Visitor: 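Next up is a structure, given as structure tokens.
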Amino acid sequence: MELTALPRAFYDRPVVRVARELIGCLLVRETIEGLLVGRIVEAEAYLSQRDAACHAAAGQTRRNSSMFGPPGHAYVYAIHARYCLNAVTEPAGTPSAVLIRAVEPLAGLSGMRQRRGREAVCELARGPGRLCEAFAIDRQLDGSDLTRGTDLWIAQDGYRLSRRDLARSPRIGVTSAHDLPLRFFLDGSRFVSGPRKLHRRPVR
DNA sequence: CTACCGATTGACT
DNA sequence: GTCAATCGGTAGA
């Protein structure tokens, strides 16, 4: 498995493009008990200050300051007593990010099972909060550099998904800007979050 | 300091 | 399908 971290240039591009291309990439986490690896099957774009659903829309605070920094760093925030992982995109000063919503677990499943208290592979990293619990991600990793290939990073292996397998829908859970189709996911994947009807491409 | 609130989850009808 | 627990972040007194 090729696990070289994606370069800064990958993240230094329009956030929607990065979100789309992150589907199929590998999320990698170094822990004491070994490497955790999962294939990203669902992600959402948050578009800077013109997007009401983006945490940066109301301006910079201590919580969201990572999003205002350079691309290729993690933005980890707490919500409802969970954590969620984002990859910061676009040049510094453009506070946009991609929320990693779900991965298909590939390696390090025993540690994930232990932290999640669940056996079923589907239940380990389906949803942004579950994913962070399985991968031992918390606010300590906020702002960490995803391009160094230590602690936490994203890699691209030989896997290529066909255009037909990449689906797009409105974002899940947001209370504003419901209409924007900024959620990308692997069509039909069992490892995607949300109700079952959102596991497939919406009919058009 | 108090008073909300949410890019969630899991338990339950 | 519905619903409430959860708690850090934020704003405001």
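Keep in mind the model is a prediction, meaning the values are calculated, not measured. Residue numbers begin at 1 in each chain, while the letters A, B, ... track the order of the sequences.
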Visitor: What is the separation between atom CZ on A:Arg82 and atom P on C:dA5, rounded to the nearest whole Å?
Guide: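 Between P of C:dA5 and CZ of A:Arg82: 14 Å.
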Visitor: Do A:Tyr77 and A:His55 have ring centroids that are under 6.0 Å from one another?
Guide: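 Yes, they do, as the ring centres are separated by less than 6.0 Å.
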Visitor: Calculate the interatomic distance between A:Leu131 atom CG and B:dA7 atom P; express it in whole Å.
Guide: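 Roughly 18 Å, once rounded to whole Å.
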Visitor: Select from A:Tyr83 and A:Ala58 the residue whose nearest nucleotide in DNA chain C is closer to the 5' end of that strand.
Guide: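 The answer here is A:Tyr83.
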Visitor: Tell me the partner of C:dT6, counting only Watson-Crick (N1-N3 plus N6-O4 or O6-N4) or G-U wobble (N1-O2 and O6-N3) with both under 3.5 Å; none if nothing fits.
Guide: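 Pairing partner, where one exists within any strand: none, as none qualifies.
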Visitor: Is the phosphate of B:dT9, meaning OP1 or OP2, less than 4.0 Å from a side-chain N or O of A:Arg116?
Guide: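 For B:dT9, OP1/OP2 do not have a side-chain N/O of A:Arg116 under 4.0 Å.
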Visitor: I'd like to know if A:Arg62 pairs up with A:Asp142 as an ion pair, taking the criterion as any Lys NZ or Arg NE/NH1/NH2 lying under 4.0 Å from an Asp or Glu carboxylate oxygen.
Guide: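 No, no charged N to carboxylate O under 4.0 Å.
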Visitor: Inspect the contact between A:Glu90 and A:Arg13 and indicate whether a charged nitrogen and a carboxylate oxygen are less than 4.0 angstrom apart.
Guide: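 Salt bridge between A:Arg13 and A:Glu90, a charged N being under 4.0 Å from a carboxylate O: no.
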Visitor: Given that both distances must come in under 3.5 Å, which nucleotide forms a Watson-Crick or G-U wobble pair with B:dA7?
Guide: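 None - no nucleotide pairs with B:dA7, as no candidate has both distances under 3.5 Å.
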Visitor: Whole angstroms only, please: what is the CD1-P distance between A:Ile172 and B:dG6?
Guide: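 Answer to the nearest Å: 18 Å.
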Visitor: For the pair made of CG in A:Leu198 and P in B:dT8, what is the distance, rounded to whole Å?
Guide: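 Distance, rounded to whole Å: 13 Å.
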Visitor: Among B:dT9, B:dA7, B:dT8, which is the nearest nucleotide to the side chain of A:His80?
Guide: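 Per side-chain heavy atoms of A:His80, the pick is B:dT8.
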Visitor: Taking only the side-chain heavy atoms of A:Arg63 (C-beta and beyond), determine which of B:dA7, B:dT8, C:dT10 contains the nearest atom.
Guide: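 Within the option list, the nearest is C:dT10.
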Visitor: Among B:dG10, B:dA7, C:dT10, which is the nearest nucleotide to the side chain of A:Tyr46?
Guide: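 Per side-chain heavy atoms of A:Tyr46, the pick is B:dA7.
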Visitor: Assess the residue pair A:Arg8 and A:Thr147 against the criterion (side chain to side chain donor-acceptor pair (under 3.5 Å)); give the C-alpha distance rounded to whole Å, side-chain angles, the decisive distance to 0.1 Å, and a yes or no.
Guide: CA-CA 6 Å; A:Arg8 185 99 42 219; A:Thr147 67; 3.2 Å; yes
Visitor: Of the options C:dG8, B:dA7, B:dG10, whose atoms approach the side-chain atoms of A:Arg130 most closely?
Guide: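 Selected nucleotide (nearest to the side chain): B:dG10.
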Visitor: Roughly, in whole Å, what's the span from CG in A:Leu124 to C1' in B:dT8?
Guide: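 Value for this atom pair: 17 Å.
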Visitor: Are OP1 or OP2 of B:dT8 and a side-chain N or O of A:Ser193 less than 4.0 angstrom apart?
Guide: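 No, no such contact exists.
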Visitor: Within this structure, what is the CD1-to-P distance between A:Ile79 and B:dT9, rounded to whole angstrom?
Guide: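 The answer, rounded to whole Å, is 10 Å.
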Visitor: Would A:Glu42 and A:Arg183 pass as an ion pair if we require N to O under 4.0 Å?
Guide: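 Judged by the 4.0 Å cut-off on N to carboxylate O distance, A:Glu42 and A:Arg183 do form a salt bridge.
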Visitor: Which whole-number value in Å describes the distance from A:His55 NE2 to B:dG6 P?
Guide: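 My rounded result for the distance is 10 Å.
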Visitor: Can you tell me how far C1' of B:dA7 sits from CZ of A:Arg101, to the nearest Å?
Guide: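 Taking atom C1' of B:dA7 as the reference, CZ of A:Arg101 is at 7 Å.
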Visitor: Picking from C:dG8, B:dA11, C:dT6, which would you name as closest to the side chain of A:Arg118?
Guide: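 Out of C:dG8, B:dA11, C:dT6, the nucleotide with an atom closest to A:Arg118's side chain is B:dA11.
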Visitor: With centres under 5.5 Å and planes under 30° as the test, does A:Tyr77 stack with B:dA7?
Guide: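 No, A:Tyr77 does not stack on the base of B:dA7, since the centre distance and plane angle fail the 5.5 Å and 30° test.
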